[in-house]
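We count residues from 1, following the sequence as given.
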Amino acid sequence: MTQDAVTRDAVTRVAATQAALNIADAINETCPWSGKPISADSLTLYNGAVVGFCNPGCRDKFASAVRSFEAALQARRVERAGLEQ
């Protein structure tokens, strides 16, 4: 499978997951970035909970921040594991 095919497959899975999310299940009523009301086209799943955003840009900014935090935490774990050996 080519990299383009893998990317398209991943995008399709994300879109399907997001389409299955329901605004009524969101744990918040306002966007954590902007404070504006959440929108049905801007939902994501985080730690098993539906989180809403005011627009897809804020949702994507959240996803990017989460990836960044998770990478930093993993790097810290690796660093500390090396120091403890």
Side-chain angles (χ1 to χ4, degrees):
M1 183 177 275
T2 68
Q3 182 61 35
D4 287 342
V6 170
T7 301
R8 280 193 304 274
D9 186 49
V11 168
T12 300
R13 283 194 311 265
V14 168
T17 299
Q18 290 172 341
L21 299 178
N22 188 330
I23 196 168
D25 296 328
I27 61 169
N28 59 314
E29 294 180 2
T30 58
C31 176
W33 293 112
S34 71
K36 296 177 184 176
I38 62 172
S39 176
D41 70 345
S42 304
L43 304 173
T44 194
L45 198 58
Y46 178 70
N47 285 342
V50 176
V51 180
F53 298 87
C54 65
N55 62 56
C58 283
R59 179 198 61 215
D60 296 347
K61 183 167 59 169
F62 175 79
S64 179
V66 168
R67 284 191 303 273
S68 177
F69 296 145
E70 288 174 350
L73 288 170
Q74 181 61 24
R76 179 178 282 180
R77 287 184 201 107
V78 168
E79 179 182 310
R80 287 185 176 169
L83 291 175
E84 295 175 7
Q85 291 179 353

List the atom pairs, donor and acceptor, that lie under 3.5 Å between side-chain atoms in residues 65-78 and the rest of the protein, sequence neighbours left out.
unit_1	atom_1	unit_2	atom_2	d
Gln74	OE1	Arg77	NH1	3.2

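For Gly52 against Pro32, the heavy-atom pair with the smallest separation is O-CD, 3.5 Å. The shortest heavy-atom contact between Ser34 and Cys54 is OG-SG, 3.2 Å.
In this structure, the separation between CG on Asp60 and OG1 on Thr44 is 8.5 Å, given to the nearest 0.5 Å. Within the model, atoms CZ of Phe53 and CG of Asp41 stand 12.5 Å from one another, a figure rounded to the nearest 0.5 Å. Atoms SG and CH2, from Cys58 and Trp33 in turn, are 8.0 Å apart once rounded to the nearest 0.5 Å.
In this structure, Ile23 is a member of the same hydrophobic cluster as Val50, with clusters built from ILVMFWY side-chain heavy atoms closer than 4.5 Å. In this structure, Leu21 is a member of the same hydrophobic cluster as Ile38, with clusters built from ILVMFWY side-chain heavy atoms closer than 4.5 Å.
Here the side chain of Arg59 pairs no donor or acceptor atom with the backbone of Val51 at under 3.5 angstrom.
Using cut-offs of 30° and 60° for the angle between ring planes, the Tyr46 and Phe62 rings count as perpendicular.
For the pair Asn55 and Ser39, the minimum side-chain heavy-atom distance is 4.5 Å or more.
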